[in-house]
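Structure first, then comments.
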Amino acid sequence: MGVYLSILPGAGGADAKDWADMLLRMYLKYAAKKGWKTNILHDRAIEIKGRGVFEAFKSETGVHRLVRISPFDAKKLRHTSFALVEVLPAIAPVELSSVRVPANDIRVEFFRSSGPGGQNVNKVETAVRVIHIPTGAVAVSQVERSQSANRERALAVLKTKLLELMRQRNETAIENLKAKVEPEWGHEIRSYVLHPYKQVKDHRTGEKNSRVEEVLDGNLDLILGRL
């Protein structure tokens, strides 16, 4: 089984975006250590496939907090950054094919890919963004070489998001999902402190570990094994 994992920077400008990128590298390194296959769908959205993937990543959904001396602050002051991690189980295509989303509720946008993908990168609008208008839920794909393939992949991710929203809200039909989706930063599930001391703490279990650099380098077993 696989997962779709996306990371949204919180408030904080360059620091928050850098923190989101750090989390993405952490997850990619962890997946590599486990021998799992990864696809970068777009920017900070990835697909991870392999045995035990969902079990490993399901607890990562939530707000992650970083405390450090900002590399973007000329005065070298300490900053706190937030990022929201979203993890969705990859649903089998045969199951997704039965999900019906009204065509009028979807807006499809095309744009040029910004990453690896061959000679068409930055020349042809092969990347696709699919938006569910009633909720604001968004899915993006640029990993495929053709526009149609990216549209299909993005739509699959969007359907997965809508099914998860239905589960969370106890709804029985996608048509009932009318509330606008907004990031809810709430309370962080985990803090990564690099200054004035070094510590990674999971706020759900209270577990602490001083090997924060190792965790950020992809050794997530130091934390995940305790959840």
Side-chain angles (χ1 to χ4, degrees), residues 3-31 33-34 38 40-48 53-73 75-89 135-140 157 160-161 164-165 167-169 179-227:
V3 299
Y4 297 116
L5 187 150
S6 59
I7 306 169
L8 302 175
D15 272 291
K17 291 178 181 178
D18 188 54
W19 172 223
D21 290 337
M22 289 171 64
L23 285 171
L24 177 63
R25 289 193 295 271
M26 178 182 75
Y27 292 129
L28 287 173
K29 287 184 176 181
Y30 180 63
K33 292 176 186 292
K34 293 292 186 179
T38 59
I40 297 178
L41 303 179
H42 176 66
D43 291 342
R44 303 177 186 94
I46 59 177
E47 179 183 23
I48 308 173
V53 168
F54 180 69
E55 288 73 16
F57 282 100
K58 64 182 179 181
S59 61
E60 291 302 288
T61 293
V63 178
H64 295 243
R65 180 174 73 110
L66 173 69
V67 181
R68 64 171 176 176
I69 298 296
S70 171
F72 305 100
D73 191 325
K75 296 182 180 179
K76 302 300 180 184
L77 298 177
R78 188 173 66 202
H79 283 239
T80 299
S81 304
F82 295 89
L84 176 64
V85 175
E86 179 185 59
V87 178
L88 299 169
T135 63
V138 178
V140 182
V157 176
T160 302
K161 288 189 175 186
E164 179 64 13
L165 279 175
R167 185 192 66 79
Q168 292 175 0
R169 302 179 189 181
K180 183 74 174 178
V181 175
E182 297 289 348
E184 297 178 357
W185 303 114
H187 298 290
E188 61 270 21
I189 63 167
R190 190 178 301 142
S191 293
Y192 309 71
V193 181
L194 294 173
H195 185 85
Y197 53 89
K198 297 183 185 298
Q199 182 186 93
V200 55
K201 177 181 178 179
D202 196 287
H203 297 282
R204 296 160 296 183
T205 64
E207 292 288 343
K208 302 176 183 179
N209 198 310
S210 62
R211 298 158 66 181
V212 59
E213 285 102 340
E214 292 184 46
V215 173
L216 291 173
D217 196 44
N219 192 1
L220 273 174
D221 285 333
L222 292 173
I223 295 297
L224 296 181
R226 299 175 181 271
L227 292 175

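It should be emphasised that the depicted structure is a prediction, and the values quoted were computed from it without experimental measurement.
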Is there a side-chain contact (heavy atoms from CB on, under 4.5 Å) between D43 and V140 once you walk through the steps? CA-CA 9 Å; D43 291 342; V140 182; over 6 Å; no
Working note: Y30 + D221, criterion side-chain contact (heavy atoms from CB on, under 4.5 Å); need CA distance, chi angles, decisive distance, verdict. CA-CA 9 Å; Y30 180 63; D221 285 333; 2.9 Å; yes
CA sep, side-chain torsions, deciding dist, call: R167, E164, salt bridge (charged side-chain N to carboxylate O under 4.0 Å, His left out): CA-CA 5 Å; R167 185 192 66 79; E164 179 64 13; 2.5 Å; yes
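Residues F57 and V87 share a closest heavy-atom pair of O-CG2, 3.5 Å. Nearest approach of P9 to A20, heavy atoms of both residues: CG-CB, 3.8 Å. I48 and V53 make their closest contact through O-CG1, 3.7 Å (heavy atoms, listed as atom of the first residue, atom of the second, distance). L224 approaches A56 most closely through the heavy-atom pair CD1-O, 3.5 Å. Residues S81 and A16 come closest through the heavy atom pair OG-N, 4.0 Å. Nearest heavy-atom pair, E55 versus K58, reported as atom, atom and distance to 0.1 Å: O-CG, 3.7 Å.
Proximity of a side-chain donor or acceptor of R204 to a complementary backbone N or O of S59 within less than 3.5 Å is detected.
Expressed to the nearest 0.5 Å, how far CZ of R65 lies from CD1 of I189 amounts to 12.5 Å. Summarising the geometry, atom CG belonging to L84 is positioned 8.0 Å from atom OG1 belonging to T61; distances are rounded to the nearest 0.5 Å. Distance check: R190 CZ to D202 CG gives 5.0 Å after rounding to the nearest 0.5 Å. Atom CZ of residue R25 and atom CE of residue M22 lie 6.5 Å apart, to the nearest 0.5 angstrom. To the nearest 0.5 Å, atom CG of residue L24 and atom CD1 of residue I7 are 5.0 Å apart. Taken to the nearest 0.5 Å, the NE2 atom of H79 stands 10.5 Å off from the CZ atom of F72.
Among residue pairs with one or both ends in residues 3-23, those qualifying as side chain to side chain donor-acceptor pair (under 3.5 Å) are S6-E86, D15-R68, D15-S70, D18-R68, D21-R44; sequence neighbours excluded.
Residues L23 and V85 have side chains in contact (heavy-atom distance under 4.5 Å, counting atoms from C-beta outward). Within the 4.5 Å cutoff, the side chain of I223 has no heavy atoms near those of the E207 side chain. Between T80 and L66, the closest side-chain pair of non-hydrogen atoms is not below 4.5 Å. Side-chain contact between L28 and I46 is present, with heavy atoms from C-beta onward closer than 4.5 Å.
The environment of CG in L194 is crowded: more than 12 heavy-atom neighbours from other residues, nucleotides or ligands sit within 6.0 Å.
The side chain to side chain donor-acceptor pair (under 3.5 Å) search around Q199 returns none, not counting sequence neighbours. For H203, the side chain to side chain donor-acceptor pair (under 3.5 Å) criterion is met by S191, not counting sequence neighbours. For the side chain to side chain donor-acceptor pair (under 3.5 Å) test, no residue two or more places apart in sequence or in another chain qualifies with R78. E213 meets the side chain to side chain donor-acceptor pair (under 3.5 Å) test with K198; sequence neighbours excluded. Listed by chain and number, the residues in a side-chain contact (heavy atoms from CB on, under 4.5 Å) with K76 are I69 (sequence neighbours excluded).
Aromatic ring orientation, H64 versus Y192: parallel (interplanar angle below 30°, classes split at 30° and 60°).
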